[in-house]
Amino acid sequence: MEAIKDCCSVESSTQETAEDCCAVKKEKATTVTECPMCGEKGKDINLLTVKSMLLPIALETLDAHQTYRFCASDNCNVVNFGDQGGRFTKDDVRLPVFQKDHGQDTNVCYYFDWTRSKIMEEIRTTGKSTAVSSISSHIKAGRCGCDLNNPQGSCCLGNVTAAVKEVKQAIQSLA
Ligand SMILES: [Zn+2]
């Protein structure tokens with residue numbers, strides 16, 4: 001049975017691991033690591049993350065025996081692909097994917113609900129962004145939920161830092 005790693009784990013001896021209650025035994029097969037659509041190498045992703053992001057109709061087609069990866073290319077429609085041909089696109093997931101959707105209301109942090117427009121609004125109002133420090137403090141307190149709520153299945157902090165930088169540049173270019 002596979003345990004989920006806490007993607008934003010804080011050093012702790014009592015680190016919690018969730019177990020997949022419906023785990024299917026996996027046999028190691030030849031592993032596809034490149035996205036079948038764009039050819040970029042995909043990141044490993046936990047099956048539970050894939051399941052939690054899929055719309056019900058897509059979830060019904062999931063082959064739990066495959067090992068899935070996340071495609072982070074911004075110009076590629078594929079979100080997850082399996083090592084035996086399974087693939088899910090942007091239309092199959094519940095939420096817009098940060099890397100693939102540049103909309104202002106797309107989540108940057110999926111569990112504390114930061115969007116590009118929220119970052120923009122804060123910087124416009126106060127001149128600075130508290131997004132990174134706020135999320136960091138939640139991570140330190142062990143509240144991170146990226147492993148299940150973020151389509152990439154890992155910590156959002158890098159994306160948040162990048163988004164804050166982007167927003168600042170956008171504001172400067174308008175000034
Ligand atoms: Zn791709």
Side-chain angles (χ1 to χ4, degrees), residues 2-9 18 20 22-120 131-132 135 139 144-170:
E2 256 179 54
I4 300 181
K5 274 181 267 158
D6 184 351
C7 59
C8 313
S9 69
D20 184 352
C22 318
V24 183
K25 275 184 191 156
K26 264 188 227 158
E27 285 141 40
K28 278 279 166 206
T30 45
T31 309
V32 176
T33 58
E34 277 97 33
C35 173
M37 192 75 97
C38 70
E40 289 294 316
K41 198 166 193 277
K43 292 179 195 166
D44 278 326
I45 191 163
N46 196 289
L47 184 62
L48 218 49
T49 309
V50 179
K51 286 183 192 172
S52 68
M53 294 310 304
L54 288 177
L55 289 166
I57 196 156
L59 183 59
E60 285 178 6
T61 70
L62 178 104
D63 175 3
H65 293 277
Q66 297 196 35
T67 299
Y68 287 87
R69 285 178 178 256
F70 172 76
C71 171
S73 305
D74 65 351
N75 55 1
C76 178
N77 243 1
V78 170
V79 177
N80 298 116
F81 58 93
D83 60 351
Q84 288 156 60
R87 71 173 80 164
F88 296 106
T89 67
K90 291 194 277 191
D91 294 334
D92 296 320
V93 294
R94 295 173 188 274
L95 293 163
V97 177
F98 171 76
Q99 288 88 341
K100 298 174 187 288
D101 188 315
H102 296 275
Q104 291 305 302
D105 293 323
T106 299
N107 276 99
V108 179
C109 167
Y110 284 82
Y111 50 103
F112 296 117
D113 205 25
W114 282 93
T115 58
R116 290 185 178 93
S117 60
K118 185 176 165 185
I119 292 172
M120 173 79 84
V132 172
I135 294 165
I139 291 172
C144 171
C146 278
D147 44 4
L148 291 185
N149 298 323
N150 186 332
Q152 73 182 29
S154 58
C155 187
C156 65
L157 216 48
N159 299 343
V160 178
T161 306
V164 170
K165 206 173 146 188
E166 246 173 57
V167 168
K168 280 183 178 164
Q169 279 167 353

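Atoms within each ligand, like the ligands themselves, are counted from 1 in listed order.
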Could you list the residues that satisfy salt bridge (charged side-chain N to carboxylate O under 4.0 Å, His left out) with Glu166, not counting sequence neighbours? Arg116
Tell me which pairs pass salt bridge (Lys or Arg N to Asp or Glu O under 4.0 Å) where either residue lies in residues 97-115, with sequence neighbours left out. none
Determine, stepwise, if the pair Tyr68 / Asp63 fulfils side-chain contact (heavy atoms from CB on, under 4.5 Å). CA-CA 10 Å; Tyr68 287 87; Asp63 175 3; 4.0 Å; yes
Any residue meeting side-chain contact (heavy atoms from CB on, under 4.5 Å) with Leu55, in chain and number order, not counting sequence neighbours: Arg94
What pair of heavy atoms forms the shortest contact from Gln104 to Thr115, and how long is it? O-CB, 3.6 Å
Protein N/O/S neighbour count - the Zn ion (ligand 1), strictly under 2.8 Å: 4
So CG of Asn150 and OG1 of Thr49: to nearest 0.5 Å the spacing works out to 8.5 Å
